[in-house]
Engineer: 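Handing you a structure now.
No hydrogens, no waters, no symmetry mates; every other heavy atom, side chains included, goes into these values. No experiment lies behind these values; they were computed from the predicted model shown. A, B, ... follow the sequence lines: proteins, then strands. Residue 1 opens every chain.
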Protein chains: 2
Amino acid sequence: MIATDDKTRRLIRYRSAVRRMKAMGLSRVYSENIADAAGVSALQVRKDFSEEGVRGVRRGGYQVDSVLERLGEVLGRDTAHEFVLVGMGSLGTALAKYQAFAQHGIKIVAAFDTDAKKLSEKGRVPVLHAREITQYCKKHRIKYAIMAVPEAEAIGVYEQLAAGGVKGILNFAPVRLRGGKRLVVNNVNLVYEIEHLVYFVDHTRRKV
Amino acid sequence: MIATDDKTRRLIRYRSAVRRMKAMGLSRVYSENIADAAGVSALQVRKDFSEEGVRGVRRGGYQVDSVLERLGEVLGRDTAHEFVLVGMGSLGTALAKYQAFAQHGIKIVAAFDTDAKKLSEKGRVPVLHAREITQYCKKHRIKYAIMAVPEAEAIGVYEQLAAGGVKGILNFAPVRLRGGKRLVVNNVNLVYEIEHLVYFVDHTRRKV
DNA sequence: TAGATTGTTAATCGATTAACAATC
DNA sequence: TAGATTGTTAATCGATTAACAATC
């Protein structure tokens with residue numbers, strides 16, 4: 001079964017929470033703990049777990065290792081993924097050396113830009129000219145890409161990545177890119193996140 | 001009325017789409033156009049508009065200016081917001097000079113870090129020591145903050161910001177921070193966005 | 001008038017919550 | 001046994017979609 005968008009996001013948060021609990025030395029956790037860390041209700045956690053085949057024992061909670069085992073099957077276990085990154089502006093440059101990515105097996109194997117001054121074969125991540133995107137992706141069978149380019153270049157880069165056989169794009173460019181049958185896009189727009197925050201500050205007294 | 005989380009996100013996307021259409025010189029738009037740009041159905045756009053008091057004319061679509069006018073009332077018009085930024089690691093540094101923020105009136109007036117090497121009074125954005133967060137926010141009546149700090153420091157920074165009277169935080173630290181009555185938090189976790197992408201690449205043939 | 005488009009009410013669908021059953 | 005916790009089925013709620021009405 002394919003989980004919905006929202007449910008997947010929850011499962012990802014559950015896994016992250018349980019991993020942190022494991023790192024803290026716990027071997028058993030309760031739906032209440034996980035819910036707390038993930039910002040949902042305990043009932044929601046149990047429902048999701050039950051539907052996804054994560055089994056606990058009544059009264060005894062969930063075994064940390066068995067939760068991680070099963071969530072690994074559902075969400076995918078091989079965390080080591082190779083990415084290319086397009087756009088070495090300030091955001092792209094930051095993402096290329098973002099520690100949290102490295103810590104989660106997200107490896108950026110090459111970056112691309114059009115600015116000759118930024119190109120460099122050596123360095124931890126080689127920076128190649130954007131015209132080589134398609135060729136590079138084909139040659140190295142790249143499955144995932146991160147786009148951090150200006151709006152005007154987004155479509156062109158998207159097409160080059162698609163032509164190169166890329167299957168998934170995390171897009172930071174301020175244009176919504178549509179995924180297709182062969183290609184999934186996850187659009188992240190940081191300006192929207194700010195606007196969203198501002199809206200709720202101005203309009204809500206949220207529950208504690 | 002306070003729109004739900006998802007609806008607000010849609011309204012923000014609609015506004016962004018209509019602004020771009022205006023920049024392209026259009027004065028009238030149809031629900032179909034907006035839907036297309038925002039990645040939802042035209043019916044959804046009309047429903048949302050109707051509920052929020054955005055009025056069109058049957059057969060004639062929506063007047064660009066009147067849409068922006070009304071969405072401005074709903075979402076908040078004063079786009080000029082002053083932020084402080086905590087954490088001048090690679091991500092924080094990138095956000096401090098992120099063009100798209102500047103273009104949308106999001107101004108970062110001060111940054112904070114604990115690393116003495118990064119401190120600097122001059123420069124476009126002064127970088128102060130993190131121990132001054134609370135005092136600075138109080139003194140300048142700062143309402144919004146962006147956190148780009150490591151997990152271990154997140155709670156401490158959060159408390160300092162709260163003590164300083166900050167009302168909204170965009171949090172990039174890999175820990176979910178809970179908002180409260182006085183303080184709204186928007187958590188953005190880039191690792192989750194990658195994991196989400198990977199899940200859908202592996203599990204879905206999405207509709208075109 | 002006919003056609004295109006918005007607007008609204010009703011129907012459907014799915015997700016969350018409530019109630020309670022099971023059991024360690 | 002009593003109590004705590006998971007698990008499941010039923011009820012509720014809300015959001016999306018469908019149907020159709022209004023009108024430019």
Engineer: Between B/His196 and B/Phe200, does the ring centroid distance fall short of 6.0 Å?
Structural biologist: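 For B/His196 and B/Phe200, the ring centres are under 6.0 Å apart.
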
Engineer: Can you tell me if A/Glu132 has over 12 outside heavy atoms packed within less than 6.0 Å of its CD?
Structural biologist: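 Result for CD/A/Glu132: enclosed.
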
Engineer: What nucleic acid atoms does A/Tyr62 come within less than 4.0 Å of, heavy atoms only: base, sugar-phosphate, or nothing?
Structural biologist: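 Result for A/Tyr62 = sugar-phosphate.
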
Engineer: Parallel under 30°, tilted from 30 to 60°, perpendicular over 60°: which one fits the rings of B/Phe83 and B/His81?
Structural biologist: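 Answer is perpendicular, since the angle exceeds 60°.
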
Engineer: Are B/Arg9 and B/Asp5 within salt-bridge range, i.e. N to O under 4.0 Å?
Structural biologist: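 Yes.
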
Engineer: Within this structure, what is the CG-to-P distance between B/Asp6 and D/dT17, rounded to whole angstrom?
Structural biologist: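 Rounding to the nearest Å, CG of B/Asp6 and P of D/dT17 are 12 Å apart.
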
Engineer: Across the strands shown, which category fits B/Gly60 at heavy-atom distances under 4.0 angstrom: base, sugar-phosphate, nothing?
Structural biologist: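 Result for B/Gly60 = nothing.
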
Engineer: Rounding to an integer number of Å, can you tell me how far A/Asp5 CG sits from D/dA15 P?
Structural biologist: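 Going from A/Asp5 (CG) to D/dA15 (P), I get 17 Å.
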
Engineer: What about A/Arg58: does its side chain form a donor-acceptor pair under 3.5 Å with the base of C/dT23?
Structural biologist: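 By the distance-only test, no, there is no pair.
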
Engineer: Can you tell me how far P of D/dA2 sits from CZ of A/Arg59, to the nearest Å?
Structural biologist: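 After rounding, the reported distance stands at 14 Å.
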
Engineer: For the salt bridge (charged side-chain N to carboxylate O under 4.0 Å, His left out) test, which of A/Lys7, A/Arg10, A/Arg46 pairs with A/Glu51?
Structural biologist: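 Per the salt bridge (charged side-chain N to carboxylate O under 4.0 Å, His left out) rule, the option paired with A/Glu51 is A/Lys7, out of A/Lys7, A/Arg10, A/Arg46.
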
Engineer: Under 30°, 30 to 60°, or over 60°: which ring-plane class applies to B/Tyr136 and B/His140, parallel, tilted or perpendicular?
Structural biologist: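 Taking B/His140 first and then B/Tyr136, their aromatic rings lie parallel (interplane angle under 30°).
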
Engineer: Of the candidate nucleotides C/dT17, D/dT16, C/dT8, which contains the atom at the shortest distance from the side chain of B/Leu43?
Structural biologist: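 Closest nucleotide among those given: C/dT8.
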
Engineer: Using whole Å, what does the distance between atom P of nucleotide D/dT5 and atom CD of A/Glu32 come to?
Structural biologist: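 The answer, rounded to whole Å, is 8 Å.
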
Engineer: Could you tell me whether A/Tyr30 contacts a base, only the sugar-phosphate backbone, or nothing, with contacts defined as non-hydrogen atoms closer than 4.0 Å?
Structural biologist: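 The answer is sugar-phosphate, as A/Tyr30 gets under 4.0 Å only of primed atoms, P, OP1 or OP2.
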
Engineer: Rounded to whole Å, please give me the gap between CG in A/Asp48 and P in C/dT17.
Structural biologist: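 Taking CG of A/Asp48 and P of C/dT17, I get 11 Å after rounding.
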
Engineer: How about B/Glu73: does its CD atom have over 12 heavy atoms from other parts shown lying under 6.0 Å from it?
Structural biologist: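 Enclosed.
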
Engineer: Closest to the A/Arg46 side chain: D/dA4, C/dT6, D/dT6?
Structural biologist: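 In terms of side-chain proximity for A/Arg46, the closest of D/dA4, C/dT6, D/dT6 is D/dT6.
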
Engineer: Counting any heavy atom closer than 4.0 Å, what does A/Arg10 reach on the DNA or RNA strands: base, sugar-phosphate only, or nothing?
Structural biologist: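 Sugar-phosphate only.
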
Engineer: For the pair made of NZ in B/Lys7 and C1' in D/dC13, what is the distance, rounded to whole Å?
Structural biologist: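 For the pair B/Lys7 NZ and D/dC13 C1', the rounded distance is 16 Å.
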
Engineer: Output every pair passing side-chain hydrogen bond (donor to acceptor under 3.5 Å, both in side chains) with a member in residues 160-173 of chain B, not counting sequence neighbours, ordered by first then second residue.
Structural biologist: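 Listed once each, the pairs are B/Asn171-B/Asn187.
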
Engineer: Would you please enumerate the stems DNA chain C participates in, each stem being three or more consecutive Watson-Crick or G-U wobble pairs with both distances under 3.5 Å?
Structural biologist: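 Stems for DNA chain C, defined as runs of 3 or more consecutive pairs: C:3-24 with D:3-24.
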
Engineer: Go through D/dT6, C/dT8, C/dT6 for me and flag the one nearest to the B/Ser31 side chain.
Structural biologist: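 When the side chain of B/Ser31 is considered, C/dT6 is the closest of D/dT6, C/dT8, C/dT6.
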
Engineer: Considering only C/dA10, D/dT8, D/dT6, which nucleotide approaches the side chain of A/Arg55 most closely?
Structural biologist: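 Of the candidates, D/dT8 comes closest.
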
Engineer: Under 4.0 angstrom, heavy atoms only, what part of the nucleic acid is B/Gly56 near: base, sugar-phosphate, or nothing?
Structural biologist: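 Sugar-phosphate, no base atom in range.
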
Engineer: Please report the distance, rounded to the nearest Å, between CZ in A/Arg70 and P in D/dT6.
Structural biologist: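 Taking CZ of A/Arg70 and P of D/dT6, I get 18 Å after rounding.
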
Engineer: Starting at atom CD of A/Gln44, determine the distance to atom P of C/dG14, rounded to an integer number of angstrom.
Structural biologist: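 That distance rounds to 16 Å.
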
